[in-house]
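Order of the sequence lines sets the chain letters (A, B, ...), proteins ahead of strands, with each chain counted from 1.
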Amino acid sequence: DAKTTQPNSMESNEEEPVHLPCNHSTISGTDYIHWYRQLPSQGPEYVIHGLTSNVNNRMASLAIAEDRKSSTLILHRATLRDAAVYYCILRDVEGGADGLTFGKGTHLIIQP
Amino acid sequence: DTEVTQTPKHLVMGMTNKKSLKCEQHMGHRAMYWYKQKAKKPPELMFVYSYEKLSINESVPSRFSPECPNSSLLNLHLHALQPEDSALYLCASSQEGWTEQFFGPGTRLTVL
């Protein structure tokens with residue numbers, strides 16, 4: 001999987017939007033951008049994924065740059081439950097069952 | 001049923017013991033995975049099974065032996081482990097190799 005770069009940590013206030021950036025300058029044309037998060041003492045949890053267009057689901061939105069070299073995960077209204085480590089991972093749709101390569105991720109802290 | 005279950009939740013074993021970790025999913029997923037996560041580190045891929053066949057072994061020592069008896073079940077047999085093998089062992093499954101992965105809560109393993 002191609003490499004991604006994320007800030008080590010970010011802090012936000014409860015009920016405010018959060019924008020989590022991810023840089024992936026070496027992304028290839030068949031790489032999907034996946035986001036997972038891991039809450040304390042739990043296994044990772046899938047959040048969202050996209051290829052070129054912006055994506056929305058019940059958990060978050062994914063904004064993808066036009067050149068696809070960066071993306072932003074948007075939590076529209078953060079709650080304390082959103083405090084977690086967020087991982088941005090590139091997945092090659094032609095890669096088959098090759099597992100996930102986790103980077104260090106962004107530790108999101110939510111202040112009440 | 002959209003969850004991955006893992007048993008036991010916690011396991012303490014001596015270096016001469018033999019034990020097994022169990023993972024089960026009933027979502028009809030054809031790919032299953034074992035990951036290892038040390039404290040404050042991201043998960044690291046160990047093994048991938050695709051259609052019940054081992055497709056990836058990330059150079060894991062032979063004291064870890066995976067087994068996939070059927071499409072719903074994944075085991076990890078442990079023998080002669082070292083204290084540095086103490087970690088959270090996570091199981092995951094996915095419909096296909098590149099689709100989103102569903103993780104279990106993990107087994108917290110302590111080797112004395």
Subject >> Closest-packed option against chain A by number of heavy-atom pairs under 4.5 Å, given B:Glu100, B:Met46, B:Lys40, B:Glu96 >> reply: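 Going by pairs under 4.5 Å, I would pick B:Glu100.
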Original post:
What option among B:Cys91, B:Gly106, B:Pro43 has the most heavy-atom pairs under 4.5 Å with chain A?
Top reply: B:Pro43
Original post:
For B:Phe47, is it the side chain, the backbone, both, or neither that has a heavy atom closer than 4.5 Å to a heavy atom of chain A?
Top reply: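 For B:Phe47, there is no contact with chain A at all, as no heavy atom is under 4.5 Å.
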Original post:
Is it the backbone or the side chain of B:Gln37 that comes under 4.5 Å from a heavy atom of chain A, or both, or neither?
Top reply: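 When you check distances to chain A, only side chain atoms of B:Gln37 fall under 4.5 Å.
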Original post:
Donor-acceptor pair, B:Gln25 side chain versus B:Ser71 backbone, under 3.5 Å?
Top reply: yes
Original post:
Got a sec: does the CG of B:Asn70 have more than 12 other heavy atoms crowding it under 6.0 Å?
Top reply: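 Counting neighbours around CG of B:Asn70, more than 12 heavy atoms of other residues, nucleotides or ligands fall under 6.0 Å, so yes.
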Subject >> Short N-O contact, A:Asp31 and A:Arg68, less than 4.0 angstrom >> reply: no
Original post:
Is B:Lys36 paired with B:Glu44 through a side-chain N to carboxylate O contact shorter than 4.0 Å?
Top reply: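 Result for this pair is no, no salt bridge flagged.
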